[in-house]
Visitor: 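One structure follows; several queries about it will come next.
In each ligand, atom 1 is the first atom listed, and ligand 1 is the first ligand listed.
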Amino acid sequence: MKEKIIHVLKGADGYVSGQQLSQFFGVSRTAVWKTIKNLKAEGYNIESVTNKGYRLVSSPEIVNETEMKSYLRTKEFGHNIIILNSVDSTNTYLKNLADSLPTGTVVTARMQTEGKGRLGRVWEGNMDDNLCFSILLRPDITPREAGAITPLCGMIVSRAMNEYFSGEFQTTIKWPNDVIVKNKKICGILTEMSCEDDRIKYIVVGIGINVLNKSFPSEIAYKATSCAMETDKLVNKSKLLADILTKMEKIFNKCGYRFNNRYMKLYKDACATLDKTITFYRDNEEIIAKATDISTDGELIVTLEDGTEEKVFSGEVTVQGIY
Ligand code: BT5
């Protein structure tokens, strides 16, 4: 009922009367009034004027279940959502409960006290700066194949953000999975999994998007950016989250969870590393090469200065002009 009323108020040009809403949904006017009261308690600013009805003035600035679901177009992803004020890490929280939760469950928080990057690194973010969330997946793939999930999610987030921020800014991907805007990182992804024998029990994909940050700690200021630093457009985090989950379910259902040929064009189109000069380390030796292609497993194919080709599997590459 809450989602339905919000949907009508959003689509309305002006006021909608309690009478109209009660007739439309076949409920009493008291039921409408109670629902509006609950929506206000959730942070919706709804104006009520006698003899005119209700008008939606603004939606909550933090992720809100009703708001998110009013945009969500999925069968599974995001239907079960846990919204927290503060948590150590949404990934850790979801992993601890994963065995008892349905696939597609999402955990999001206004603040992480121990936001994690890969290899024990830290993911920075103050209260309400980030849209940070984790999603629980149970794909039927092997642990080795799961290496594709992070870059695929990077590509999906990049596409969803490009649609959301169309005309404002464009994102691309720094191989394998940092989402970047004008050579600076706007989103990081951390995938963690639990396996049994050679099968995956579950995968938790954690996504952190810098939304409202106005500045960053000095160590990362040169390579980090946020939506607020790139555009004045107000960001509805609930919609952005719903858009990402909708795209994620659609693409995974259509193309699967393996890095296959169907993904190749989508990934290459999003990847800013190709055709650039890169630096990587092999046995502590610094190597300069040109990034020429992506392999069917998602590795970066590079051409060394002597013309030989090599595959770079993961880890740190510095891309000229990026970071
Ligand atoms: C990542 O690791 O980029 C993965 C970040 C995943 C964060 C999400 S938030 C929801 C979920 N819960 C968690 O606890 N984590 C996930 P990595 O590629 O290792 O990059 C980490 C590096 O990025 C750091 O060492 C910094 O240099 C830089 N960094 C840290 N915070 C940043 C930020 N807010 N924006 C841009 N760069 C940042």
Side-chain angles (χ1 to χ4, degrees), residues 62-63 78 81-98 105-137 147 149-158 161 169 171-193 202-230 235 237 240-241 244-245 248 272-273 280 300 312-319 322-323:
I62 55 179
V63 175
I81 178 161
I82 300 169
I83 301 177
L84 305 165
N85 261 327
S86 177
V87 69
D88 49 358
S89 146
T90 54
N91 265 34
T92 310
Y93 185 95
L94 186 51
K95 278 197 307 179
N96 287 338
L97 295 177
T105 295
V106 169
V107 175
T108 181
R110 294 176 63 187
M111 157 98 189
Q112 296 187 114
T113 52
E114 289 167 47
K116 298 185 288 187
R118 295 173 302 150
L119 307 168
R121 291 188 283 242
V122 173
W123 181 255
E124 308 275 355
N126 296 319
M127 190 74 169
D128 292 333
D129 271 356
N130 265 225
L131 168 60
C132 52
F133 65 97
S134 302
I135 178 163
L136 182 62
L137 305 176
I149 298 292
T150 323
L152 292 181
C153 286
M155 177 272 289
I156 290 165
V157 171
S158 169
M161 287 184 78
F169 62 80
T171 66
T172 52
I173 292 179
K174 175 178 179 264
W175 180 89
N177 44 249
D178 284 353
V179 180
I180 61 173
V181 179
K182 294 189 210 121
N183 303 330
K184 291 184 169 187
K185 181 161 166 175
I186 197 159
C187 164
I189 302 175
L190 170 69
T191 300
E192 298 181 87
M193 63 180 161
Y202 63 79
I203 292 184
V204 165
V205 183
I207 298 177
I209 301 174
N210 299 323
V211 176
L212 296 173
N213 317 52
K214 290 277 190 221
S215 62
F216 289 96
S218 53
E219 322 83 76
I220 60 168
Y222 73 98
K223 63 169 178 181
T225 190
S226 72
C227 304
M229 288 160 94
E230 301 296 333
V235 182
K237 288 186 194 155
L240 183 57
L241 174 59
I244 292 170
L245 296 174
M248 200 181 267
T273 305
F280 66 101
L300 189 65
V312 181
F313 293 90
S314 66
E316 297 318 304
V317 300
T318 308
V319 184
I322 304 185
Y323 51 85

Visitor: Using a 4.0 Å cutoff against the non-hydrogen atoms of Cys132, which atoms of ligand 1 qualify?
Guide: 9 (S), 10 (C)
Visitor: How close does the nearest protein non-hydrogen atom get to atom 5 (C) of ligand 1, and which residue and atom is it?
Guide: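 Going atom by atom, the protein heavy atom closest to atom 5 (C) of ligand 1 ends up being Trp123 CE3, 3.5 Å.
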Visitor: What atoms in ligand 1 come closer than 4.0 Å to a heavy atom of Phe133?
Guide: 10 (C)
Visitor: What I want to find out is whether Glu230 reaches Lys182 closely enough, with some N-O distance under 4.0 Å, to be called a salt bridge.
Guide: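 Yes.
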Visitor: Using heavy atoms and a threshold below 4.0 Å, how should the contact between Ile189 and ligand 1 be classified: side chain, backbone, both, or neither?
Guide: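 Looking at Ile189 and ligand 1, just backbone atoms fall under 4.0 Å.
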Visitor: So which of Leu131, Leu245, Val157 actually passes side-chain contact (heavy atoms from CB on, under 4.5 Å) with Leu240?
Guide: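 Exactly one option meets the side-chain contact (heavy atoms from CB on, under 4.5 Å) with Leu240, and it is Leu131.
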Visitor: Side chains of Leu212 and Val235, heavy atoms from C-beta outward: is any pair under 4.5 Å?
Guide: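 Of all side-chain heavy-atom pairs linking Val235 with Leu212, none is under 4.5 Å.
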Visitor: Please report the interatomic distance OG1(Thr90) to CG(Leu84), rounded to the nearest 0.5 Å.
Guide: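 Thr90 atom OG1 to Leu84 atom CG measures 8.5 Å (nearest 0.5 Å).
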Visitor: If every non-hydrogen atom of Thr171 is compared with every non-hydrogen atom of Ser158, which pair is closest and at what distance?
Guide: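 Looking at all heavy atoms of both residues, the shortest contact is OG1-OG, 2.8 Å.
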Visitor: Short list, please: which atoms of ligand 1 are under 4.0 Å from a heavy atom of Gly206?
Guide: 8 (C), 11 (C), 16 (C)
Visitor: Backbone, side chain, both or neither: what part of Ile220 comes under 4.0 angstrom of ligand 1, heavy atoms only?
Guide: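 The answer is the side chain of Ile220.
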Visitor: In terms of atom number and element, which parts of ligand 1 are under 4.0 angstrom from non-hydrogen atoms of Ala224?
Guide: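 Checking each atom against Ala224, I get 35 (N), 36 (C).
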Visitor: Looking only at heavy atoms, is any part of Ile207 under 4.0 Å from ligand 1, and if so is it the side chain, the backbone, or both, or is it neither?
Guide: backbone
Visitor: Taking atom CE of Met161 and atom CD1 of Ile209, what is their separation to the nearest 0.5 Å?
Guide: 5.0 Å
Visitor: Short list, please: which atoms of ligand 1 are under 4.0 Å from a heavy atom of Lys223?
Guide: 27 (O)
Visitor: Just going by heavy-atom distances, which of Lys185, Arg121, Gln112 is nearest to atom 23 (O) of ligand 1?
Guide: Lys185
Visitor: Under 4.0 Å from a heavy atom of Val122: give me the atoms of ligand 1 that qualify, with their elements.
Guide: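 Contacts of ligand 1 toward Val122, numbered from 1: 24 (C), 30 (C), 31 (N).
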Visitor: Give the numbers and elements of all ligand 1 atoms closer than 4.0 Å to a heavy atom of Thr90.
Guide: 10 (C), 11 (C), 12 (N)
Visitor: Which of the atoms in ligand 1, numbered in the order shown and given with their element, are less than 4.0 Å from a heavy-atom of Lys116?
Guide: 5 (C), 6 (C), 7 (C), 13 (C), 14 (O), 15 (N), 16 (C)
